[in-house]
Amino acid sequence: MSDSPSKLDWIQAFRGIAVLLVVLTHARYFFLDTPTWPLAEQLMLPGAMGVDLFFIISGFIMVYTTRDNDGSRAYVVNFLVKRFARIWPVYAVATVMWLVVVHNGLGYFQYRQLLVNLMKSLLFYPVDVNAPLYFGQALPLGWTLNFEIYFYLIFGASMLFARLRWFVLASWIFLTTILIPVADGTFAFEALAPKNYNFCYMHIVTHPIVLEFLMGVLIGKLYLQSWFRVSSPIVALHIMWLSIAIVIWYAFNGESHFHGPFQWGA
């Protein structure tokens, strides 16, 4: 642990690993249309699991950094404002810069529908519900923030319930990602499975990848329990190396091939 009690060095290292994995998976396109492409695709595509790792880390960090939550509206508002301030300004600038570069200037901003798409993207709202998971955001990689912001909103709302916060959060996610899809016949753990809702944001709310945040919350709750700690450094090291070996095996054994709680998220 670092000198700051609210900041864990090892979780920052995990974030770095997640970033590196994502960079590697996108870097494979440098080999596109070359004889090396099949090998690059096989070795580097699983790096996309860094996104799933980010979602799980988010759930963990929310538990760890809000353990002093007093259940007040002021605390929740402060929590949401800080999260929004850390994400939205950078995201907005990056999105506009991306559009200017890709469209060779300001051409993108001359069309009303494209401006509507931009506004939806900046509001973390699905642009194209027929493209599940990615949803056609103006900045393609911005799809991850749709889920991050949604999780922050429901996590913040759950804090208002004080001692019942974890029950409320888990119940809401269980209701929206499992019970509602089962009831309307669209239940599937596959990240690209299509759904049909009149309210477009339901495609975010009911998406199974939200379960990865809940997985992170569970890990965070266990981490804070003294009985769950491994007291022996030797045992801890063995668990760590075994875990790494399992992840590598699972990534390349053909059983996992995409995002999702029972794919790379697992």
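Note that the numbering runs from 1 along the sequence shown for the chain. Both backbone and side-chain heavy atoms feed into the values below; hydrogens, waters and symmetry mates do not.
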Over 60° means perpendicular and under 30° means parallel, so classify the ring planes of Y223 and W10, tilted if in between.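 Correct class here is tilted.
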
For the [atom1] atom of [X] and the [atom2] atom of [Y], what is their distance to the nearest 0.5 Å?
X    : Y    : atom1 : atom2 : result
I178 : I180 : CD1   : CD1   : 11.5 Å
L123 : I149 : CG    : CD1   : 11.0 Å
M62  : L169 : CE    : CG    : 12.0 Å
F31  : D33  : CZ    : CG    : 13.0 Å
L133 : T144 : CG    : OG1   : 9.5 Å
I239 : S232 : CD1   : OG    : 9.0 Å

Joint cluster assignment, [X] & [Y], ILVMFWY side-chain distance < 4.5 Å:
X    : Y    : value
V127 : W98  : no
Y29  : M44  : yes
L179 : I154 : yes
L153 : V81  : no
I204 : V116 : no

For the residue pair [X] and [Y], establish whether any side-chain heavy-atom pair is separated by less than 4.5 Å.
X    : Y    : value
V235 : M240 : no
Y150 : Y201 : yes
F55  : M215 : no
L145 : W88  : no
R28  : E41  : yes
P132 : K195 : no
V100 : Y108 : no
F258 : L192 : yes

Hey, does the side chain of [X] reach the backbone of [Y] with a donor-acceptor pair shorter than 3.5 angstrom?
X    : Y    : result
T25  : V22  : no
T206 : T177 : no
R165 : A162 : no
S158 : F155 : yes

Taking all heavy atoms of [X] and all of [Y], pick out the closest pair and write down the distance.
X    : Y    : value
V129 : F135 : CA-CD2, 4.1 Å
A188 : P208 : O-CG, 3.5 Å
K221 : W166 : NZ-NE1, 3.2 Å
H203 : H207 : O-CB, 3.4 Å
S58  : Y152 : OG-OH, 4.2 Å
N146 : Y125 : OD1-N, 4.1 Å

Could you go through F60 and V217, starting from their C-alpha distance and side-chain angles, then the distance that decides it, and tell me whether this counts as side-chain contact (heavy atoms from CB on, under 4.5 Å)? CA-CA 5 Å; F60 175 92; V217 167; over 6 Å; no

With a sphere of 6.0 Å drawn around [atom1] of [X], does it hold more than 12 non-hydrogen atoms of other residues, nucleotides or ligands?
X    : atom1 : value
R112 : CZ    : no
H103 : NE2   : yes
F199 : CZ    : yes
F84  : CZ    : yes

Take F189 and F187 through the ring pair (Phe, Tyr, Trp, His ring centres under 6.0 Å) test and state the conclusion after the steps. CA-CA 7 Å; F189 282 123; F187 174 75; 4.9 Å; yes

In terms of side-chain heavy atoms, does Y75 have a donor or acceptor partner in D68 at a distance below 3.5 Å?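 Yes, D68 and Y75 have a side-chain donor paired with an acceptor closer than 3.5 Å.
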
Let's go through S121 and Y91 carefully: what are the C-alpha distance in whole Å and the side-chain angles of both, what is the deciding distance for side-chain contact (heavy atoms from CB on, under 4.5 Å) to 0.1 Å, and is it a yes or a no? CA-CA 10 Å; S121 296; Y91 175 54; 4.0 Å; yes

Let me see the working for W143 and F124 under ring pair (Phe, Tyr, Trp, His ring centres under 6.0 Å), right down to the final yes or no. CA-CA 8 Å; W143 70 268; F124 308 104; over 10 Å; no

Residues that D184 engages under side chain to side chain donor-acceptor pair (under 3.5 Å), provided they are two or more places apart: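 With sequence neighbours excluded, D184 shows a side chain to side chain donor-acceptor pair (under 3.5 Å) to T186, Y197, given in chain and number order.
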
Which residues satisfy the side chain to side chain donor-acceptor pair (under 3.5 Å) test with N117, sequence neighbours excluded?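 For N117, the residues satisfying side chain to side chain donor-acceptor pair (under 3.5 Å) (neighbours in sequence not counted) are Q113.
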
CA sep, side-chain torsions, deciding dist, call: Q110, L115, side-chain contact (heavy atoms from CB on, under 4.5 Å): CA-CA 8 Å; Q110 298 175 5; L115 286 175; over 6 Å; no

Between Y111 and F109, is the ring centre distance below 6.0 Å?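 Y111 vs F109: aromatic centres not under 6.0 Å.
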
Evaluate the criterion side-chain contact (heavy atoms from CB on, under 4.5 Å) for residue pair W241 and I244; output intermediate values, then yes/no. CA-CA 5 Å; W241 289 116; I244 292 173; 3.8 Å; yes

List, one per line, each side-chain donor-acceptor pair under 3.5 Å for residues 259-266, sequence neighbours excluded.
from: H259; atom 1: ND1; to: D52; atom 2: OD1; distance (Å): 2.8
from: Q263; atom 1: OE1; to: H257; atom 2: N; distance (Å): 2.9
from: Q263; atom 1: OE1; to: H257; atom 2: ND1; distance (Å): 3.4

